[in-house]
Amino acid sequence: MTPEQLIPLIVIAAVIPVVLLRNRRPRTLRPQFLWVSPLIVVLAIGAGLWGISASGGHALPVDPISLLIIAIGIGLGAAFGWQRGRMTTIHKEPDGALKAQASPIGLIIIIAVMVARKALEPWLEAHAAEWHVNPLAIIEAFMLFAAAMVVTQRIEMFIRARNIQHGGTDAHVEVEA
């Protein structure tokens, strides 16, 4: 690996302990603001995808195999996001405020996907031609996996939080008396 390829892995290794320490305590959950993070992620990934396609390095992935790969990436991201949202523990305080604590497994999933993308990218791009797959489709599938995961996680958390706020029950909720 070249030093340029190691930079994202070094950043990830530096950020992991900070995120794990931050997630040890429950944080206030404001359902009305759960849309902000997905919006930022979708805009950032959209800009990244636009930048990749505008660079002109590859033809746009619009053939059926490429679209299938992209759809699988989105589908898997949505499935992992839903599961990650379900694993988030929501704690309702006596005053009605909600606290949420993310599961460390969710962070492990994100890290595994990022490391897999970086590790597999050269190999996948080298073999894409013999598989008759657009290499851009593989890159886009990984990026859309992340976007779908964040969006679906927040949707799941929003649904659960609204249900809890309105007196409903939830398998992952703790009510403090």
Side-chain angles (χ1 to χ4, degrees), residues 1-25 27 34 36-89 100-157 172:
M1 286 188 125
T2 65
E4 293 83 26
Q5 292 173 325
L6 290 176
I7 291 173
L9 298 176
I10 293 169
V11 170
I12 291 170
V15 170
I16 290 171
V18 173
V19 172
L20 285 174
L21 288 173
R22 187 174 157 219
N23 284 339
R24 286 180 37 198
R25 292 179 307 217
R27 293 181 305 203
L34 284 174
V36 174
S37 178
L39 177 66
I40 292 169
V41 168
V42 167
L43 290 175
I45 289 179
L49 292 174
W50 176 80
I52 290 171
S53 65
S55 68
H58 299 285
L60 291 178
V62 292
D63 58 286
I65 294 173
S66 296
L67 293 176
L68 177 65
I69 290 170
I70 290 169
I72 288 170
I74 292 170
L76 288 174
F80 277 104
W82 175 70
Q83 185 61 33
R84 188 170 183 227
R86 281 190 41 213
M87 290 188 300
T88 301
T89 301
Q101 184 171 9
S103 169
I105 295 172
L107 181 63
I108 292 169
I109 291 170
I110 292 171
I111 294 165
V113 168
M114 292 175 78
V115 169
R117 178 180 178 251
K118 275 296 174 196
L120 293 174
E121 189 173 7
W123 183 78
L124 289 171
E125 286 185 7
H127 290 67
E130 65 188 60
W131 297 334
H132 306 292
V133 174
N134 187 335
L136 189 56
I138 297 167
I139 294 168
E140 287 183 1
F142 277 113
M143 292 174 76
L144 292 171
F145 174 95
M149 186 169 63
V150 170
V151 170
T152 309
Q153 174 195 2
R154 293 304 174 117
I155 291 170
E156 173 67 17
M157 287 175 61
H172 294 80

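Positions are given from 1 along the sequence. Fair warning: this is a prediction, and the values are worked out from it, not measured in the lab. Computed from heavy atoms alone, side chains included, the values below leave out hydrogens, waters and symmetry copies.
Considering every non-hydrogen atom in both Val150 and Ser37, the closest pair reads CG1-OG, 4.0 Å. Nearest heavy-atom pair, Thr152 versus Trp82, reported as atom, atom and distance to 0.1 Å: CG2-N, 3.6 Å.
Distance check: Ile72 CD1 to Leu144 CG gives 13.0 Å after rounding to the nearest 0.5 Å. Rounding to the nearest 0.5 angstrom, the gap separating the CD1 atom in Ile74 from the CD1 atom in Ile69 is 12.5 Å. Between atom CG of residue Leu34 and atom CG of residue Leu39 there is a gap of 13.0 Å, rounded to the nearest 0.5 Å. If you take CZ on Phe145 and CD1 on Ile45, they are separated by 11.0 Å, rounding to the nearest 0.5 Å. If you take CZ on Arg154 and CZ on Arg84, they are separated by 8.0 Å, rounding to the nearest 0.5 Å.
More than 12 heavy atoms of other residues, nucleotides or ligands sit less than 6.0 Å from atom CH2 of Trp123. Within 6.0 Å of CZ on Phe80 lie no more than 12 heavy atoms contributed by other residues, nucleotides or ligands.
Checking Gln101, Met157, Glu156 one by one against Thr88, the side-chain contact (heavy atoms from CB on, under 4.5 Å) holds for a single residue, Met157.
The shortest side-chain heavy-atom distance between Val151 and Val41 does not fall under the 4.5 Å cut-off.
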